[in-house]
Amino acid sequence: MSVKDRLRLERIDGWRWKIPRTGAMRTDGIIYAAEKMLDAIRQDQAMDQVANVACLPGIVGYSMAMPDVHWGYGFPIGGVAAFSVDEGIVSPGGVGYDINCGVRLMTSHLQALELGAEKIRDLVTALFRNIPSGVGSSRKDFKLSEAELDGVLLKGAQWAVSKGFGDALDLERIEEGGCIPWADPAQVSAKARARGRSQLGTLGSGNHFVEIGVVEEIYEPKTAEVFGLFQGQLTVFVHTGSRGLGHQVCDDFIRVLLKSTQKYGIDLPDKQLCCAPVASLEGQSYLGAMGAAANFAFANRQMISHWVRETFEQFFGQSSERLGLSLLYDVCHNMAKIEEHVWQGQRRKLCVHRKGATRAFSAGHEAIPEAYRSVGQPVLIPGDMGRYSYVLVGTDRAMEDTFGSTCHGAGRVLSRHQAVKSAKGRSIVKEMEDRGVFVLGASKATLVEEMPEAYKDVSDVVEVVAQAGISRPVAKLRPLGVMKG
DNA sequence: ATGTCC
């Protein structure tokens, strides 16, 4: 039941493209993109995936793709889709393998450019020593007991803070307060638990990183002030997720939900869209397991922040309070959540899937920390390691058009394989140094796969979401030093 | 993303 050959793309305006409903599609697809991005989007089949998602039962609104969209397992990465909790489904493919992959941004009182390249290099080297990274990395200094792991799965970052990793203020600055309350640790398999026990507080691999940057440009001074951002400021980005535990949860539940797809008579254009009704036992089990894995990721980022602070304290010989290392915000970009939204004048309870997409709630929403509520939710958009990152803010338009969602990053244009091929004979580390970015990676291969030209320019991505009005740029950051997995 | 093939 492929819809592939019949797909058309119609321009809505300068930044939105419609895939008109056809075949088994239950609604239109909408792609947010600049015209120059469309070839790449067609080429890697992301467009077919947007259309496929539109075939799923109970979809409300449109099957949407953000400008950083690219091919993913079943659903595209950069995809947003909401489903009725009564007639709709939940799907592991709509969340991704790295459950609650996300980013957090820490600010400081430091002027970044006063440090100089040598100090940045030493600082990154120190971070690299204190935070395990790479595929299969684990902490040598501790392994969680089964009871402690239950605490992590149930309480997320709240568990980490209760053990002395960070403070209560951190929790206010994390999406969901750093804890998914509907998490159900009992749904997490023994195998997933075993993978998680030694991996809490580790970075992982791929595009995960800890990055020291500088605020280079402020677009909205008032909002920047509310977020605690100023020109020239040293910042720290942390990008990681739920490691092997989340991966295993996804793997486990894809098997379960392949069966439920049949059991509930759901017709799919692609098996990778396997799913279950939100209200079914299987759907609820997956949501419970996903929530627990999400809590693992929240705790992971919280603990890494602690070691970032500790590293800075040792490096500068000052307390992290004095250095002003406070958490601006922590966002999820691989999640499905039950949220209330007004769609076409009706208040609806929806299961909103954001896979490689960021929540972007507008000013006044009760889910936003009080300190930021007057301006809107901070949206953190890391780019590739050589160019820029952005801080945006959520808008009313996002609430109206995208269930309060926006992009999550630059988005790949080269596959990992293509990147390796095109980087043959080059030194990416040297090229990065020439750009003024010191890079230290656990794996040389990963650095090559992550080189800037493997990604779209994040500025182009941000321009599209800004034009479309689904978030507003607040500040642009430039990387100075990066540790990669 | 991922003990990148149980």
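Letters A, B, ... mirror the listed sequences (proteins, then strands); counts begin at 1.
Between the CG atom of A:Asp98 and the P atom of B:dT2 there is a distance of 6 Å, given to the nearest Å. A straight line from NZ of A:Lys191 to P of B:dC6 spans 7 Å, rounded to a whole angstrom. Going from atom NE2 of A:His247 over to atom P of B:dC6 covers 10 Å, rounded to whole Å. Put simply, CG on A:Asp251 is 9 Å from C1' on B:dT2, counting in whole angstrom units. Distance, A:Asn300 CG to B:dT2 C1': 14 Å, rounded to whole Å. Look at CD on A:Gln248: it is 13 Å from P on B:dT2, rounded to the nearest Å. If you measure from atom NE2 of A:His208 to atom P of B:dT4, you get 16 Å, rounded to the nearest angstrom.
A:His341 is linked by a side-chain contact (heavy atoms from CB on, under 4.5 Å) to A:Glu339, A:Leu350, A:Val352, A:Arg354, A:Phe361, A:Met399, A:Phe403, counting only residues two or more places apart in sequence or in another chain. With sequence neighbours excluded, no residue forms a salt bridge (Lys or Arg N to Asp or Glu O under 4.0 Å) with A:Lys163. With sequence neighbours excluded, the residues satisfying side-chain contact (heavy atoms from CB on, under 4.5 Å) with A:Ile77 are A:His70, A:Lys355, A:His408. Considering only residues two or more places apart in sequence or on other chains, A:Tyr97 meets the ring-ring contact (aromatic ring centres under 6.0 Å, His included) condition with A:Tyr73, A:His247. Not counting sequence neighbours, the partners of A:Asp434 by the salt bridge (Lys or Arg N to Asp or Glu O under 4.0 Å) test are A:Lys430.
For the contact set between residues 69-82 of chain A and DNA chain B, defined by any heavy atom under 4.0 Å, there are no members.
In terms of position on DNA chain B, the residue among A:Glu449 and A:Arg412 whose nearest nucleotide sits closer to the 5' end is A:Arg412.
Using cut-offs of 30° and 60° for the angle between ring planes, the A:Trp159 and A:Phe165 rings count as parallel.
The side chain of A:Arg243 contributes an N or O atom lying less than 4.0 Å from OP1 or OP2 of B:dT2.
Heavy atoms of A:Ser205 sit under 4.0 angstrom from primed sugar atoms or phosphate atoms, though from no base atom. The residue A:Gln199 sits close only to the backbone: its heavy atoms come under 4.0 Å of sugar-phosphate atoms, none of a base. A:Gly206 comes within contact range of the sugar-phosphate backbone alone, with a heavy-atom separation under 4.0 Å but no base atom that close.
By the 6.0 Å and 45° rule, A:Arg478 does not stack over the aromatic ring of A:Tyr388.
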